Amino acid sequence: MACAKLYFLLVLTFFCLFINVYGNNLSPNFYSKTCPQALSIVKQGLDEAIKNEARVGASLLRVHFHDCFVDGCDGSILLDNSATIQSEKQAAPNNNSARGFEVVDRIKAKLENACPGIVSCADILAIIARDAVLHYGGPTWDVRLGRRDSLIANRAGANKSIPAPSFNLTNLTSSFAAQHLSFKDMVVLSGAHTVGFARCTNFRSHIYNDTNIDTSFAKSLQQKCPKTGNNNVLQPLDLQARFIFDNKYYQNLLVHKGLLHSDQQLFNGNKADNLVRKYALDQCKFFEDFGKSIVKMGNISPLTGNNGEIRLNCRKPN
């Protein structure tokens, strides 16, 4: 509780500073008059979905990340293929991996019934990300709202901009810097891997080829993920607590039990080591910094004003 109170005060302070520095049209109160029940509708829909499948909140947190890294947080990842759209869902980082879209569909339908044409799909993803983290026991933050939805997708951009599990520290740093996110943002946002799962195809190289991995951990994973086949076998990104948002992700890195190559790169004798140690020892600090960084990420190139649209169906433009 003390951690939560301290975190809340610090986020309020950061939020005020953030508005002054980045002033745009996003605001936590954006729907207070036009759709005051929006936040409760999203939360109820997400809670029901997680009750049905515990993993889906983590999946949708990842969808928000992948949306923001491609031309900003504009809901473009939600668009399906059409005659004029090449969906980002089929980009390499998302194909057979990004999921939970039907949850967004159900929440959007409820919002359209309550407040037709008001709440954007991009904002739904931002709210879901916060509510998922909170549901799993993590921090909360004020979600800044007022994004509008893109009219197009960018599959080539998704292939280029979304960090890959094979990335080294230099690749990761450059990928986040391209989104105007700092080195610290990169390390703290990677902590979202405290929940969720990864497929065998994404960690196979790490468990067979890398040397910066605990031997017994690698052997246990090799029993489930052979050198060939079983590409879609899932393993938790955090071996200690798969559905709890905490700082154990960083504790795993200290003992070389990061599931992905890119995870373990954060503790591999480099300048990220000190941040990993700090977050492994201080969950309150991790929560505080995570809230700051995800608000910053959610501010990447939002469509506001007359740009974009409010989609009626998140899978296609109006």
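Since we're looking at a predicted model, the values are computed, not measured.
- No side-chain donor-acceptor contact under 3.5 Å links Glu309 to the backbone of Ser150.
- Asn318 places a side-chain N or O within 3.5 Å of a backbone atom of Ile310 that can act as its donor or acceptor partner.
- Around CD1 of Ile152, the count of heavy atoms belonging to other residues, nucleotides or ligands within 6.0 Å does not exceed 12.
- Within the 3.5 Å criterion, the main-chain N or O of Gly258 finds no donor-acceptor partner in the side chain of His193.
- Residues Lys89 and Asp80 are paired through a salt bridge, judged by an N-O separation under 4.0 Å between the basic side chain and the carboxylate.
- Panel note: side chain Asp149, backbone Arg311; a donor-acceptor pair is recorded below 3.5 Å.
- If you check the side chains of Asn171 and Ser174, you find no donor sitting under 3.5 Å from an acceptor.
- Atom-to-atom distance recorded for Arg130:CZ and Arg144:CZ is 14.0 Å, nearest 0.5 angstrom.
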(message) I'd like to know whether Phe286 forms a side chain to side chain contact (heavy atoms under 4.5 Å, CB included) with Tyr249, so could you lay out the CA-CA distance, the side-chain angles of the two residues, the decisive distance to 0.1 Å, and finally the verdict.
(response) CA-CA 11 Å; Phe286 166 50; Tyr249 166 80; over 6 Å; no
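- Within a 6.0 Å radius of NZ in Lys278, more than 12 heavy atoms belonging to other residues, nucleotides or ligands are found.
- None of Asp123, Asp67, Asp74 except one satisfies the salt bridge (Lys or Arg N to Asp or Glu O under 4.0 Å) rule with Arg147; the exception is Asp123.
- Looking only at distances, a side-chain donor or acceptor of Asp273 sits under 3.5 Å from a matching main-chain atom of Gly269.
- For Thr304 against Asn25, the heavy-atom pair with the smallest separation is OG1-ND2, 3.7 Å.
- When all heavy atoms of Val187 and Tyr250 are compared, the pair lying nearest together is O-OH, 2.8 Å.
- Both Ile300 and Val63 are members of a single hydrophobic cluster when ILVMFWY side chains are connected at heavy-atom separations under 4.5 Å.
- The main-chain N or O of Tyr279 is found under 3.5 Å from a side-chain atom of Asn247 such that the two form a donor-acceptor pair.
- Looking at Asn252, its side chain does come within 3.5 Å of a backbone N or O of Lys248 through a donor-acceptor pair.
- Defined by atom type and a distance below 3.5 Å, a donor-acceptor pair is missing between the side-chain atoms of Arg155 and Asn95.
- Nearest heavy atom pair, residue Leu303 against residue Gly308, reads CD1-CA, 4.1 Å.
- Between Lys51 and Asp47, none of the side-chain N atoms (NZ, or NE/NH1/NH2) sits under 4.0 Å from a carboxylate O, so this pair counts as no salt bridge.
- Salt bridge present: Lys292 and Glu288 bring a charged side-chain N and a carboxylate O closer than 4.0 Å.
- Side-chain contact, Gln264 with Asp210: no donor N or O sits under 3.5 Å from an acceptor N or O.
- Looking only at distances, a side-chain donor or acceptor of Arg204 sits under 3.5 Å from a matching main-chain atom of Lys227.
- Taking the six-membered ring where tryptophan is involved, the planes of Phe287 and Phe245 are tilted, since the angle between them lies from 30° to 60°.
- Between the Asn231 side chain and the Thr201 main chain, no donor and acceptor come within less than 3.5 Å of each other.
- Hydrophobic side-chain contacts under 4.5 Å tie Ile213 into a cluster, directly or through other members, with Phe203, Ile207, Tyr208, Phe217, Leu221, Leu237, Leu239, Leu259, Leu260.
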